[in-house]
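Here's the structure we're looking at; comments come further down.
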4 protein chains.
Amino acid sequence: MVKPIDSSIKDENLIKQRREELQKGAVSLFKQKGFHRATTREIAKAAGFSIGTLYEYIRKKEDVLFLVCDAIYDEVKARMESVINIQESTREALHEAVKSYFQLMDDMQDEVLVLYQELKALPKDAQEYVLGKEKEMLQLLERVIQDSYPSLTEKELSLISNNIFIQGQMWGFRRWILQKEFTLEEYTDLQFELLQTQLGKRAIQ
Amino acid sequence: MVKPIDSSIKDENLIKQRREELQKGAVSLFKQKGFHRATTREIAKAAGFSIGTLYEYIRKKEDVLFLVCDAIYDEVKARMESVINIQESTREALHEAVKSYFQLMDDMQDEVLVLYQELKALPKDAQEYVLGKEKEMLQLLERVIQDSYPSLTEKELSLISNNIFIQGQMWGFRRWILQKEFTLEEYTDLQFELLQTQLGKRAIQ
Amino acid sequence: MVKPIDSSIKDENLIKQRREELQKGAVSLFKQKGFHRATTREIAKAAGFSIGTLYEYIRKKEDVLFLVCDAIYDEVKARMESVINIQESTREALHEAVKSYFQLMDDMQDEVLVLYQELKALPKDAQEYVLGKEKEMLQLLERVIQDSYPSLTEKELSLISNNIFIQGQMWGFRRWILQKEFTLEEYTDLQFELLQTQLGKRAIQ
Amino acid sequence: MVKPIDSSIKDENLIKQRREELQKGAVSLFKQKGFHRATTREIAKAAGFSIGTLYEYIRKKEDVLFLVCDAIYDEVKARMESVINIQESTREALHEAVKSYFQLMDDMQDEVLVLYQELKALPKDAQEYVLGKEKEMLQLLERVIQDSYPSLTEKELSLISNNIFIQGQMWGFRRWILQKEFTLEEYTDLQFELLQTQLGKRAIQ
DNA sequence: TATGAATGAGTTTTCATTCAT
DNA sequence: GATGAATGAAAACTCATTCAT
């Protein structure tokens, strides 16, 4: 299910390029002031073009938010896929996956923050579309875990994946408390240790 | 440390009462449309007074947001304190505490959602003030856990408390996925089981 | 021709007293912020009573301005009359009169400033009423001059009185320039010297 | 020393042109109702553009007042300079200068009135900037007088210039009394006569 | 395609005035 | 007579969106 945004521009490549510029500028702007406080003029400026040009590539201000959220999810997802080795499904692979995921969440803290705070400002249908991508990411995690710990029940698997998922996001989202107490490495190691305890216990049941 | 909001009304009791009305109305409004999409006129109406009266009790629209966030935290905190039995510190007490906390988060889903989405719209100092209350809640959780499992390291204690804390919030915040797969009871039980595994392992170390 | 302001209070003495308080407070307020920038709440506060009470003694905000302008003129006029000795009409008396008038304008700079800046904000009829008082003051000056220099034509008399009159007001109104170059004494002496030249010349014609 | 007003318009020429339109409309509006009673919508309308457009060329309502005061002073000053012949410094030139200045004050009565009433509504720094222009005008007068009557002391020169200056302004400001008794010609002639008496006396000292 | 000036509906905020206590 | 809470009309100002160039 795609959710394309109308544009009066014909050249598809140009659209792609401009929207990328737009998205980059908008994220850094939304980081600072959030979607609602950012004006379309500021968005255009941050993207490097005029207000008139902005409206050649979107129809409403809300479209910018959609574009941004969509792009962030795409990037997170792409990087997760590139990093998670599904072929290899040892327990070591899980460790690597979690480490890579947490590292990714550290790299993309600001983007994730924007996502958390502004997603609800999207219209319901756009929200659902974007959250679909999150589900795919969750499934990616689930698969890695299941490969290493096949004896988990479906609910255990689902819950544990969810927990890891949000623990990664929280590293950035709750940085004001977590990053004062832990380095990324400490956080990663300790969370993984706790995870292993849970999994280990369950694996031998 | 208090953060009072100026009012031109002299009767302190009236201020208290009206602000409570205001806060009640505003929460239910923000649930629907969020802070930014709600107009001051709508806020006044939702609280049951005229726009003029609204501005007798606040100075800026932002003040409403502060009032709301502050009140939510206060309520959550008060209910947590009333529910967590610090006297009794058996492991059963921890179970009760976690169950009560998750129940509370279920009851106050909408409020927590509002908090998550709008907190960043507050000025920095108000944000810090409000987040201070969150820290106190975290400490409450920490204390209960520590009483039952005194051998945990400081970092383990901190991380585990954080995990429980956000797992409670996520129950409401990520309802679109969790509440489709779990009932509150299932979610609570399974999370507590996982928690016990972690704690049990560590307790006997 | 009187221009009374309605009041719901019966006790005439109380009205008089309260309006005096009001007028005092208002002048000092208008000095700072001008009539338009001063709110009725501030006016009430400056006068030492509540907004409700304020409206027992006036009907509209504009009434305050009228009261103030009226009171200032009354005071200026009363002090001029007390100071100008009409009985004695030597040329020395003129010197005394001018000196006293300039001193008076120095004492009441702020009041005169308020008058200059806000009089035009009054409705036409109130303006006319108040300006009537100014004419009486001018006539006072005219009479003193005429007594000493009876050979002046009517127009000369009128113009010279006007000039003295505004030179007095300017001392306060244009203080930003005059009071940097002159002391009050210097200003008075030099203006009077110039005046004498004019009068002397004309007296012997 | 300039005091520029921010605008979101890029075309400098357009800014100049629009602000001129704005200033023209605003003066005629302020003449009628004064600055405070004029709404921004009325100002926009008087200038011939929409409220949105108005705010493309100014930041605050106050900016309009500054624009207006500044423009009036500039016009008065330009016309004074064009009319006062500094080359030629006979006593006849002084007569011409005074006549021209009084004529100018007659032409611009309304503008001068606006200036008198609204200048104090400007922020202090803008006031000082504008009053700087008034000083330059005073110096212009001083120079003309000094050229014809070089033996005057500095204080005499300063005071006499000031007197002429305000006599011109008062012609418009106190029209309710002066213009009932004098024609402009009579006023000019008589004031000049009085002036000459003073100067003549002093010149031969 | 790109630009940016123009627009006006909609928003926040103020404040003179009223009126129940 | 005094008080001050309540009111809402009206004000300043913003900003998404359009459209002529």
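All chains are named by letter (A, B, ...) in the order of the sequence lines, taking the proteins before the strands, and each is independently numbered beginning at 1. All values derive from a computational prediction rather than experimental measurement. Values below: all heavy atoms of this structure, side chains included; hydrogens, waters and symmetry mates excluded.
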Would you please confirm or rule out a distance under 4.0 Å between OP1 or OP2 of [N] and any side-chain N or O of [X]?
X: C:Thr40; N: E:dC15; value: no
X: B:Tyr55; N: E:dT14; value: no
X: C:Lys60; N: E:dT17; value: yes

Please compare B:Ile58 and C:Glu62 by the position of their nearest nucleotide in DNA chain E and report the one closer to 5'.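 Residue closer to the 5' terminus by nearest nucleotide: B:Ile58.
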Cationic N near anionic O, under 4.0 Å, [X] to [Y]:
X: C:Lys45; Y: C:Glu21; answer: no
X: B:Glu12; Y: B:Arg19; answer: no
X: C:Glu56; Y: C:Arg18; answer: no
X: C:Glu118; Y: C:Arg37; answer: no

Nearest whole angstrom, please: distance from the [atom2] of [N] to the [atom1] of [X].
X: A:Arg37; N: F:dC13; atom1: CZ; atom2: P; result: 19 Å
X: B:Asp6; N: E:dT14; atom1: CG; atom2: P; result: 12 Å
X: A:Lys45; N: F:dC15; atom1: NZ; atom2: P; result: 14 Å
X: B:Glu42; N: E:dT11; atom1: CD; atom2: C1'; result: 11 Å
X: A:Lys61; N: F:dT14; atom1: NZ; atom2: P; result: 15 Å

Contact class for A:Thr39 vs. all strands (heavy atom < 4.0 Å): base, sugar-phosphate, or nothing? sugar-phosphate
Under 4.0 Å between any heavy atoms, over every strand shown, what does B:Ala44 touch: base, sugar-phosphate, or nothing? Just pick one. nothing
Name the orientation class of the two ring planes belonging to B:Tyr129 and B:Phe66 (parallel below 30°, tilted from 30 to 60°, perpendicular beyond 60°). tilted
I need a per-nucleotide contact map over nucleotides 3-8 of chain F, read 5' to 3'. Cutoff is protein heavy atoms under 4.0 Å; write B for the base, S for backbone only, - otherwise. BBBSBB
D:Thr53: side chain to side chain contact (heavy atoms under 4.5 Å, CB included) partners, not counting sequence neighbours: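 With neighbours one apart ignored, the set is D:Phe49, D:Ser50, D:Tyr57.
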Using a 6.0 Å cut-off, check whether atom NZ of A:Lys31 has over 12 heavy atoms from anything other than its own residue.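 Yes, the 6.0 Å shell around NZ holds more than 12 heavy atoms from other groups.
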Got a donor-acceptor contact below 3.5 angstrom from the B:Gln32 side chain to the B:Ser28 backbone? yes
Less than 6.0 angstrom from the centroid, inside 45 degrees of the normal: does C:Lys60 satisfy that with respect to the ring of C:Tyr55? no
Using Watson-Crick pairs (N1 to N3, plus N6-O4 or O6-N4) and G-U wobble pairs, both distances under 3.5 Å, which stems of at least 3 pairs involve DNA chain E?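 Stem list for DNA chain E: E:2-21 with F:2-21.
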